[in-house]
Structures are given as C-alpha cells and as structure tokens.
Amino acid sequence: MTNTLFSKNTIKKALSIIVSETAKDCFADLEADFQARIDYTPEFKLGQYASPAAMELAKFLKKPPREIAQTVCEAIKGSKYAEYFESVEIAGPGFLNLKLSVQVLQFLTSPDFSVQVYLDSIFTLKNEPRILFEFVSANPTGPLNIVSARAAVTGDAICRILKRGGLNVQKEYYVNDFGNQVSNLGLSFAYRVLQKNGWEIALPENCYQGEYILQVLNSLLESDSPDFIQNLDINSLKSNGEEFEKFLFKASEYFSVRAVDFLLETQQQDLFDFRVEFDRFFRESTLHEDEKVQQMAIKLAETGKVYEKDGATYFASTEYNDDKDRVIVRSDGRPTYLLADIAYHYDKIKRGFQKIIDIWGPDHHGYIARLRGALLALNFPEADNTSQEFSVLIVQQVNLIEDGKPIVMSKRLGQFQTMKDLIEKIPVDASRYFFITRAMSTHLDFDLELALTQSSKNPVYYIQYAFARINSIFRESSRDADGYAVFSQDSMQYLNQNLRAELVYFALRFPELIEDICQSREAHRMATYLHELASLFTKFYHEDENRILKKINENPVEADCLLSICWLTAMTLEAGLDLLGITAPREM
RNA sequence: GCGCCAGUAGCUCAGCUGGAUAGAGCAACAGCCUUCUAAGCUGUGGGUCAGAGGUUCGAGUCCUCUCUGGCGCACCA
C-alpha cells in the first residue's frame, strides 16, 4: 500500500498538513495558508509528535487553548486520517499529542524501501535556486592552518547535506593569488635564496617567516634552477645596492608565481586527504586579467556611492551600516582587495547563482558589512541581511588541547598548527567528527588525547561501533540484510514495545534533520543526532528480549522485526556518517 | 571607544524557527563479561542556564542594560 502523504513528505510535514487541514475545517476564521507547527514530544510515551498550535491560536480565535485542542482532537479522530493514529490526546496547557499507529510505517515502506530511496522520494533534486558555497579561501602563501581545516570540514559537511536535501550546490575556493601578500611571498623566497647562499641577512618584517618557505624553495629549485640563481654572486650583491635591488625584484617575480602554484597544490592535497573536494578553485588573478576589477570600479561609481578623497577612491559603505567608508582604489591607482572581492561576488551573481553562502574566519567578521553594502549598492537587494540570499557564516577559532592545556601556536617547527600535522596525527574520521560536532559559532577546544582514544570515550568510534555491531548480527545470523529493509506485516506486532518503536521513530527523523540543516546550515546537529541514535541502538541491543540470535529459534517472526529495526538503524547511521564524510566500517 | 561571537553540571558542549520535569560525553562513585563485538550496559551524585529588568498563556531561547572571555576595527588580505 502506498500513501503519498507520508511517502512524499517528512512525517512532520505530513502531520502538519493533517493538523492544519483539520483545524481549518473546524475554524473558518483561519487563514488559508495556516500551517500548524509540529514538534517532537519530550518523552516517547506521550507519542512521537506534538503540536502547540492550539496555544498559538488561542489569542486569534479568542478561545482557551485546551478547548481549541479538544475540538481539533475530536475532528481528527472522526476524519479519514484517524487510522494513522493510535491516539490523539490533549496534554498540559493545550498540546496536541500524536501517537502514530504502526500502520504508518507501512505507508512509509514500499517494497524497494531503503533510507536512500526514502530520502529520494522526499527530496527531489531541484535546479533552483543555484547555490554557490565558498569556503576555506585561504591565501596561497603557506600551509592550511587549523581554522582552515575546521572551515573545510564543516563547509564540506554542510554541502553534502544540502545536496542530499535536493539543493543545487557548487563548492568554490577563492584563491587570493594577487596583491601584496603574493609580492611578500616572492620577496620571502628572494631573501631565503640569499641565506641559502651563505649571506646571514635577516628577513624583513613583511616576509613570511615560516621554515616551510625553505622547504618549498628547495623543492622548486630541485625541479628547475634558473641561471640567475645558479650564477648568483653574493659578494657583488653585498657591495652593489643597485644590483641587490635588481636581484630582489627578479627573484620575487620568479618565485611568487611558482610558489603560489606549489603551495596551492599542497593545500589541495591536504584538502583531499581530509576528503574535501571543490568544484572550482577561482583565482583572483583572473579577475584582474579579465579587467573585471577595473570594470567594477566603474560600475560602483555609477551607483553614486563612490567618491574621491586624498587621491583615493572610497565606497560609502557607512550608508550600509559599516563603521567607516572603505577605499576601493588606492591613491597610487592600485585596486584594494575589497574591490576585487566585490567583483568576485558580482561575478558569482552574473554566473547565475541565486544564493551565495560564504564561510569566513573569525578575523573577517568586520568585513561583512562593507561587502553586503556593495552588493546592495549594485542593486542586488536580496543581499539584505534579513534574507538568506547572501549569508556569511563565521567559523570561530580552534584551540588544540593537550594534557588538558591549550597548545600555544607558534612558528616554531614541530608545533602542532597546520592541517597537515593534524592529518598525520589524528585519523581523518576522528578529526572530521570533532570539527563537525560543535556549532561553527563557538570556539572549539580540540582535545587531541580524546581524538586519539580508540574507545567508546571517543564518540566517533561509538557511532561506528554501533554500525559494525549490526553488521555483525547479520553475519552471525547468516541473514541477508536486504530482506529486512521493510517490516513484514506479521512482524510489526512486535514493535509494540517502547524501546523498539522509539528507535524506529528516532531513525525516521533523519529526513527531518536534513530539512532542518538545509535551513539552518548547522552540520553539528547531524553529529549530535548520530550519537543519540547510536546510543539508543546500544541500549536496545543490550536488552535481553532483543537478543536476536536467541530469538531466531524461539520466535522467527519476532526476530524478523528485530532485524528490520537493526537494518533501518544501520542504513541511517551509514547515510548520516556519509553526509559527514566519515566512513562506516562493517567490522572493527 | 565601537562592532562581532560566546557565557548552560567540576571540564567540553547539546538544547530544532519561544513550548511540557534543562540533556549528553568526560571526570567521580557503586555494580555488571559461560550471552549477537565489555570499543559496552545499569545506577548515584552534580544546575541561581553570568547578573538585573522587560516582552507573553509560556523565556536557556526574543528585547534592553551591566559584568566576564575571545576576536576584529589599514590606501594588508
């Protein structure tokens, strides 16, 4: 039997339709687009879902909430929907508690049921709106750090979930391969060359001080060592200032381009090792080459929100809630980073993306107002911060904790500070989980010891372990899991026991969770949910009456029910872990 | 000084667009392995949700103020 109400919607949505329709039948005053809210009950014994709609409507209908609830309750019981419920009750100040009948499970489950098929039927792939999700976007001037790792993993998980929810998402990494930072990078290499040739010259302050520069330099010279480096005459540089300057210029130019390419590749490798892939790496330099930055200055000037002062060109961002107006073209004629970034975001819109989501680091939040302001000035009114058309998520910083104390980040080698160090130290499953498990907006304490612990203390293994156990049950019982994707008619009677049904209905919240995350973009809820699901399963597993191998001999039909519960749980765990980019091993 | 983020159990944090008695893990204590994976389970203790006002049927959640911590306030990116 199929039923589109339940097979094409999440359970929440289906119940909302039922309660809303019924309420509108009862009260003619209600607006046509009234949608009753459906929540989870605080306790399973009250039912699976509850609606606070009666309380919300009390003022509008000028009736006591319990009376409204009573009317709706009776109406549902007398309607065609009655068969979906084991009970409908009024509780507390006017909650409508809904206890679903096991029959609903049959509506959910078609012969080819699986969690993925269920998700497919609820979330059909939409072509609109097209979403551009930009994250990481670190400067290609060094290895990726821990905050970038967090942004990478969290952003990747959100994108996976958005896609599973049927949304059209593209992942993009903006490469700042232009401007001062890149010049400084080249200069750092020039000085390192001098040091390498025996000149004990100090690096200027604006240079990158990290030791990694030296390693990259060696790699670059190994593959190609140009004449002007090979024939370097240190003594003549020391004595001849003009020649010295010439060398710095030449070496900077030579190395900056090659170093950016090299470092970008290194970053890409780190990301790949972390299971983070991008659809596109967008280079800032292409915006300059295509003169899009220049054109943007003209376009902004046309808005009338631009003025000249002290030889520089300003964008009047204070008109858009910014602290001060911002320079877009310097007095020497060079564009600022902001102008290029405006051009970049404008380009996103021109490429046909209706929604733009960025993840930025904690030190960039002050930047939001000016960029949002520029997009508004460019007549992209959807950039208004009340809508979600342009949103910036700020990922907060990370403290690595060892021996109960935070590790102080320093430039010294051997310090644990880059993404690569983390990959070498902590298994990817564990570090991904730890990054995703906390809300992006909170400062994260990353406990290295806990992440390394291979026991139940480490939540990621606890979740994987539940999945492995279920697979073990199928191995030991020599059953083929596929046969248990659907509850058989006969076996369903054995669901009538709290923990069994509770586990099933908790697993069936999965699509609702995906829907929530598509809205809130908070991937950590998936991590929390999976841990709770694993915990519920583990309790179920340890109950004496749920011992499956024993049950197979005693009561095969009841065993079928238990196997179906297990398989639904396993499919959900596997799908959820996959959305977090974490593996689901069948044996541990 | 201005802005952003945060303040929930000893520690790290959940708490879905305001909903019923505020939860989990770790740490502490007490039990449990002839049993499908003990990488586990059960139980106990632990709270002025930073503080004070306000909004309403109802506030950890929304508003205002205060306090504390982190970060940011360039013709750097």
Side-chain angles (χ1 to χ4, degrees), chain A residues 37 39-43 46 50 52 55-56 58-59 64-65 91-95 97 137-139 141 176 178-182 184 206 284 309-314 321-324 326-332 334-338 340-341 361-369 394 396-397 399 401 404 437-447 450 453-459 461-462 464-466 468-477 512-513 515-517 519-520 522 524-525 527-529 531-532 535 538-539 541-544 546-552 562 566 587-588:
Chain A
R37 234 181 58 215
D39 294 332
Y40 300 118
T41 54
E43 276 182 280
L46 298 173
M55 277 111 75
E56 290 170 348
K59 196 173 239 175
F95 288 104
N97 286 345
S137 298
N139 290 338
T141 53
N176 306 131
F178 189 91
N180 287 339
Q181 308 288 3
V182 175
N184 290 342
N206 58 352
E284 181 189 350
K309 189 183 148 198
D310 304 331
T313 310
Y314 282 76
N321 246 336
D322 198 4
D323 295 342
K324 50 187 93 167
R326 307 291 169 176
V327 173
I328 52 172
V329 182
R330 300 178 180 93
S331 46
D332 65 6
R334 288 153 55 228
T336 60
Y337 176 82
L338 175 62
D341 210 16
D363 50 341
H364 283 67
H365 63 252
Y367 196 84
I368 299 173
I394 297 293
Q396 287 298 329
Q397 61 186 112
N399 294 315
I401 307 289
T437 194
R438 301 300 180 216
M440 224 187 306
S441 58
T442 66
H443 299 222
L444 172 67
D445 279 356
F446 194 115
D447 188 334
L450 187 58
T453 309
Q454 287 218 5
S455 78
S456 62
K457 286 181 191 174
N458 192 336
Y461 297 127
Y462 182 82
Q464 290 179 326
Y465 191 47
R469 272 180 161 162
I470 296 171
N471 282 279
S472 171
I473 291 170
F474 281 95
R475 276 196 304 274
E476 294 296 319
S477 62
E512 292 157 359
L513 178 68
E515 207 162 55
D516 270 359
I517 296 174
Q519 179 68 31
S520 69
E522 292 182 321
H524 72 277
R525 286 207 224 142
T528 311
Y529 169 81
H531 191 264
E532 212 174 329
S535 168
T538 308
K539 284 195 182 88
Y541 172 88
H542 280 281
E543 282 193 351
D544 213 35
N546 295 332
R547 299 197 67 78
I548 291 164
L549 295 189
K550 208 166 103 190
K551 222 43 141 193
I552 282 176
L562 298 177
C566 285
E587 282 179 73
M588 290 175 78

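Within every chain, numbering begins at 1; the chains are lettered A, B, ... in the order of the sequence lines, protein sequences first and strands thereafter. FYI, side chains are in, hydrogens and waters are out, and symmetry mates aren't considered; it's all heavy atoms of this structure.
Straight-line distance from the CZ atom of R37(A) to the P atom of A20(B): 11 Å, rounded to whole Å. Between the NE2 atom of H542(A) and the C1' atom of C36(B) there is a distance of 10 Å, rounded to whole Å. Taking atom CZ of R469(A) as the reference point, atom P of A39(B) lies 8 Å away to the nearest angstrom. Distance M588(A) CE to A38(B) P: 13 Å, rounded to the nearest Å. Distance, N180(A) CG to A77(B) C1': 8 Å, rounded to whole Å. A39(B) atom P lies 17 Å from atom CG of N471(A), rounded to whole Å. Atoms CD1 (I368(A)) and P (C4(B)) sit 10 Å apart, rounded to a whole Å. Rounded to a whole Å, the CG atom of N176(A) is 9 Å from the P atom of A77(B).
The side chain of E284(A) lies closest to A77(B), out of A77(B), C75(B), A38(B). Relative to the side chain of K59(A), the nucleotides U56(B), C36(B), C41(B) differ in distance, and U56(B) lies closest. With distances taken from any side-chain atom of A91(A) to the nucleotides A38(B), A20(B), A77(B), the minimum falls on A20(B). In this structure, of A20(B), C36(B), A77(B), it is C36(B) that holds the atom nearest to the side chain of I473(A). The nucleotide whose nearest atom lies closest to any side-chain atom of H365(A) is, among U37(B), G72(B), U21(B), G72(B). Listed nucleotides G19(B), A20(B), C36(B) differ in distance to P42(A); the shortest reach to its side chain belongs to A20(B). Listed nucleotides C36(B), G72(B), C41(B) differ in distance to Y541(A); the shortest reach to its side chain belongs to C36(B). Side-chain atoms of F95(A) lie closest to A20(B) of the nucleotides A20(B), C36(B), G72(B). Residue T41(A) places its side chain closer to A20(B) than to any other of G25(B), C41(B), A20(B). Taking the side chain of A50(A) as heavy atoms from C-beta on, and the options G70(B), A20(B), C75(B), the nearest nucleotide is A20(B).
Base engagement by Y367(A) is indicated by at least one non-hydrogen atom pair under 4.0 Å involving a base atom. Contact annotation for E532(A): no contact, since no heavy-atom pair falls under 4.0 Å across all strands. Note on T538(A): only backbone sugar-phosphate atoms sit closer than 4.0 angstrom, heavy atoms only; bases stay farther off. At the heavy-atom level, I548(A) lies under 4.0 Å from base atoms of the strands shown. Counting any heavy atom pair closer than 4.0 Å across all strands shown, Q181(A) reaches a base atom. Note on K324(A): only backbone sugar-phosphate atoms sit closer than 4.0 angstrom, heavy atoms only; bases stay farther off. Residue D310(A) is in base contact, counting any heavy-atom pair closer than 4.0 Å across all strands shown. Across all strands shown, A58(A) has no heavy atoms under 4.0 Å from either base or sugar-phosphate atoms. Across all strands, E587(A) comes closer than 4.0 Å to base atoms (heavy-atom distances).
A donor-acceptor pair under 3.5 Å is absent between the side-chain atoms of N546(A) and the main chain of Y541(A), judged by distance alone. Not one N or O on the side chain of T437(A) forms a donor-acceptor pair closer than 3.5 Å with the backbone of A527(A).
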Table of protein N/O atoms under 3.5 Å from nucleotides 27-29 of chain B N/O atoms:
| from | atom 1 | to | atom 2 | distance (Å) |
| --- | --- | --- | --- | --- |
| A27(B) | OP1 | K457(A) | NZ | 2.9 |

Tabulated below should be each protein N or O lying under 3.5 Å from an N or O of nucleotides 11-16 of chain B; please produce it.
| from | atom 1 | to | atom 2 | distance (Å) |
| --- | --- | --- | --- | --- |
| C13(B) | OP1 | H443(A) | O | 2.8 |
| C13(B) | OP1 | D445(A) | N | 3.4 |
| C13(B) | O2' | R438(A) | NH1 | 2.3 |
| A14(B) | OP1 | A439(A) | N | 3.0 |
| G15(B) | OP1 | H524(A) | NE2 | 3.0 |
| C16(B) | O2' | D516(A) | OD2 | 3.3 |
| C16(B) | O2' | R525(A) | NH1 | 3.4 |

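For the C1' atom pair drawn from A14(B) and A6(B), the interatomic distance equals 15 Å after rounding to whole Å.
Close to A6(B), at under 4.0 Å from its OP1 or OP2, lies a side-chain N or O of S441(A).
For C73(B), the glycosidic angle deviates from 0 by more than 90°, giving an anti base.
Across all their heavy atoms, P93(A) and P65(A) have their closest contact at O-CB, 3.5 Å. Across all non-hydrogen atoms, the minimal contact from A312(A) to V327(A) is CB-CG1, 4.2 Å. Taking every heavy atom of both residues into account, L562(A) and I548(A) meet most closely at CB-CG1, 3.7 Å. Between N97(A) and T41(A) the shortest heavy-atom distance is OD1-CG2, 4.2 Å.
Contact annotation: side chain of N97(A) to base of A20(B), donor-acceptor pair present below 3.5 Å. Donor-acceptor pairing under 3.5 Å, judged by distance alone, is present between the side chain of S331(A) and the base of C75(B).
Distance check: Y367(A) OH to R326(A) CZ gives 9.5 Å after rounding to the nearest 0.5 Å.
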Pair assignment for RNA chain B - dot-bracket with | for other-strand partners, Watson-Crick or G-U under 3.5 Å:
(((((((..((((.....[...)))).(((((.......))))).....(((((..]....))))))))))))....

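Along RNA chain B, the nucleotide nearest A468(A) and the nucleotide nearest Q397(A) are compared for position; the residue whose nucleotide lies closer to the 5' end is A468(A). Between P362(A) and S472(A), it is S472(A) whose nearest contact on RNA chain B lies nearer the 5' terminus.
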